[in-house]
Enquirer: 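One structure, pasted below without further comment.
Computed from a predicted structure; not experimentally measured.
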Amino acid sequence: MSPETALLVDLVVALGLVVVLPLGLSLLGPHVVPGAGGPWWPVAGVAAAAGAWLPHGPAAQLATVPFLGGSAVLLVAAVRGALPGGPTAPRPLAVRLAVGVALALPSVGAAAMLADRGGWGLLGFSGTYLALTVPHMLFAGFTAALVAGLVVGLDEPRAPGAPEDPVIRDHGRTRDRAARAGAWGVPVGTGLVLVGYFVGDAAELAGALVLTGALWCTAWAVLGLAARGWARGLLVTGSVAVACSMLLALWWAVGEATGLPHPSIGQMAATHGVANAVGFALCTLLGLRVVRGAAGERLEREGPGVPALQGTATRPHRPSRTPGRRQA
């Protein structure tokens, strides 16, 4: 990589560590990931991002330790979620798979960061490969799988007794099918891409095709969410960004597999990388945060008769300790 591309990659990784990863974990909540929504995750991200400005060696590796520890926590959370009685057990299997993969893959990025900053090799890879693995695990790994899982079941609630609009019903079914396809496809596509690193360019191309199709399904599901104002703008921006950026990923994968001309690493970082990090990851997670918050408020306002949304819940009623009184 050129020095300019390396600087851009470091900035993208810093955005992922300090903003995107903590923001995504806050959408899962502390019942799924310990400390989610708290200050620990941004602080760990700042420490790890700061290590990029240190010379390769023990000091740079030491800065990675908080991220490495945090990724171990996420890996344990992924295992807990896979258990029959885990915190994501009530959700559909596709959601549990997507969320589990999202929580597991940052550990791959943390291991690559530790090796890269120490000047080591890891599983036969070194240098540029390791440096680019970190942003891929933060955005194509964590964020893409998380978004794919979160949008399943995230629909507009209908008040009890309200008439059902057939057009809205059919639209909701189409959106739900797209969301479930994305939740299955993103983990499978990401896995195929990782296998392709060891097997060859053809397997990596197959993974890119599956991942692109799955993310397009997820983007379609995101566009179908009930959102207004700036939340709608954020979700549309994220969906358009990932649709375009994955075309670039396909171009790259086809070129690597066939020898046809394709963008350079620097061009991919400046286009595909920035579009995924800022356009897709940041904008989509911010939009989902607004949509999920509004959904929770509607559920509390309209009562428990409204179907629960993915990741939202009504506040439980707390009975009064004083006889004869009812506490809201």
Enquirer: Examine Leu7 and Leu54 and state if one hydrophobic cluster contains both, with Ile, Leu, Val, Met, Phe, Trp and Tyr joined whenever side-chain heavy atoms are less than 4.5 Å apart.
Expert: no
Enquirer: Please check: side-chain N/O of Thr212 versus main-chain N/O of Leu209, any donor-acceptor pairing under 3.5 Å?
Expert: no
Enquirer: side-chain contact (heavy atoms from CB on, under 4.5 Å) between Leu235 and Leu223: does it pass, once the steps are laid out?
Expert: CA-CA 7 Å; Leu235 294 179; Leu223 287 175; 5.8 Å; no
Enquirer: Atom CG of Asn276 and atom CE of Met268: how far apart are they, to the nearest 0.5 Å?
Expert: 8.5 Å
Enquirer: How close do Gly182 and Pro187 get, heavy atom to heavy atom, and via which atoms?
Expert: O-CD, 4.2 Å
Enquirer: On a heavy-atom basis, which atom in His262 and which in Glu256 lie closest, and how many Å separate them?
Expert: NE2-OE2, 2.8 Å
Enquirer: Would you say that Leu74 contacts Trp41 through its side chain, given a criterion of any heavy-atom pair below 4.5 Å between the two side chains?
Expert: yes
Enquirer: State yes or no: do Leu138 and Val274 share one hydrophobic cluster built from I, L, V, M, F, W and Y residues joined by side-chain heavy-atom distances below 4.5 Å, directly or via other members?
Expert: yes
Enquirer: Nearest 0.5 angstrom please: Thr271 OG1 to Trp251 CH2, how far?
Expert: 9.0 Å
Enquirer: With side-chain contact (heavy atoms from CB on, under 4.5 Å) as the criterion, how do Phe280 and Met246 come out once you've worked through the C-alpha distance, each side chain's angles and the decisive distance to 0.1 Å?
Expert: CA-CA 11 Å; Phe280 171 60; Met246 291 311 295; over 6 Å; no
Enquirer: What distance do Leu23 atom CG and Arg289 atom CZ have between them, rounded to the nearest 0.5 Å?
Expert: 6.0 Å
Enquirer: Honestly curious: do Leu93 and Leu97 fall in one hydrophobic cluster under the side-chain, below-4.5 Å linking rule?
Expert: yes
Enquirer: Test your reading of the model: is there a side-chain donor-acceptor pair from His56 to the backbone of Asp116, 3.5 Å cut-off?
Expert: yes
Enquirer: Provide the closest heavy-atom pair for Ala49 versus Arg117 in the form atom of the first, atom of the second, distance.
Expert: O-NH2, 4.2 Å
Enquirer: Tell me whether Thr143 contacts the main-chain N or O of Leu21 through its side chain, where contact means a donor paired with an acceptor under 3.5 Å.
Expert: no
Enquirer: About how many Å separate CG of Leu205 and OG1 of Thr258, when rounded to the nearest 0.5 Å?
Expert: 8.0 Å
Enquirer: Can you tell me how far apart CD1 (Ile265) and NE2 (His272) are? Round to the nearest 0.5 Å.
Expert: 12.0 Å
Enquirer: Is it true that a side-chain atom of Ser107 and a backbone atom of Ala104 form a donor plus acceptor pair closer than 3.5 Å?
Expert: yes
Enquirer: Indicate yes or no for a side-chain donor-acceptor contact from Arg232 to the backbone of Leu225 under 3.5 Å, with no hydrogens or angles considered.
Expert: yes
Enquirer: Quick one: do Thr5 and Leu8 satisfy side-chain contact (heavy atoms from CB on, under 4.5 Å)? Show the steps, please.
Expert: CA-CA 5 Å; Thr5 300; Leu8 178 60; 5.5 Å; no
Enquirer: Transitively linked via ILVMFWY side-chain contacts under 4.5 Å: Tyr197 with Val210?
Expert: no
Enquirer: If you take all heavy atoms of Pro34 and Val73, which pair is closest and at what distance?
Expert: CD-CG1, 4.1 Å
Enquirer: With the side chain counted from C-beta on, respond yes when His136 and Val193 share a heavy-atom pair under 4.5 Å apart, and no when they do not.
Expert: no
Enquirer: Rounded to the nearest 0.5 Å, what separates atom CG in Leu114 from atom CG in Leu130?
Expert: 10.5 Å
Enquirer: Should Val242 and Phe139 count as side-chain neighbours, where that means a heavy-atom distance under 4.5 Å?
Expert: no
Enquirer: Can you tell if the side chain of Pro135 reaches within under 4.5 Å of the side chain of Val9, non-hydrogen atoms only?
Expert: yes
Enquirer: Would Leu11 end up clustered with Phe142 when hydrophobic side chains under 4.5 Å apart are linked, directly or stepwise?
Expert: no
Enquirer: Test Val99 against Arg91 for side-chain contact (heavy atoms from CB on, under 4.5 Å), laying out the working first.
Expert: CA-CA 10 Å; Val99 172; Arg91 305 302 181 189; over 6 Å; no
Enquirer: What are the two closest heavy atoms between Val186 and Ala148, and how far apart are they?
Expert: CG2-CB, 3.9 Å
Enquirer: Can you check whether Gly149's main-chain N or O pairs, donor with acceptor, with Arg96's side chain at less than 3.5 Å?
Expert: no
Enquirer: For the side-chain contact (heavy atoms from CB on, under 4.5 Å) test, which of Val33, Leu146, Val32 pairs with Leu25?
Expert: Val33
Enquirer: Nearest heavy-atom pair of Ala110 and Thr64: which atoms, and what distance?
Expert: O-CG2, 4.1 Å
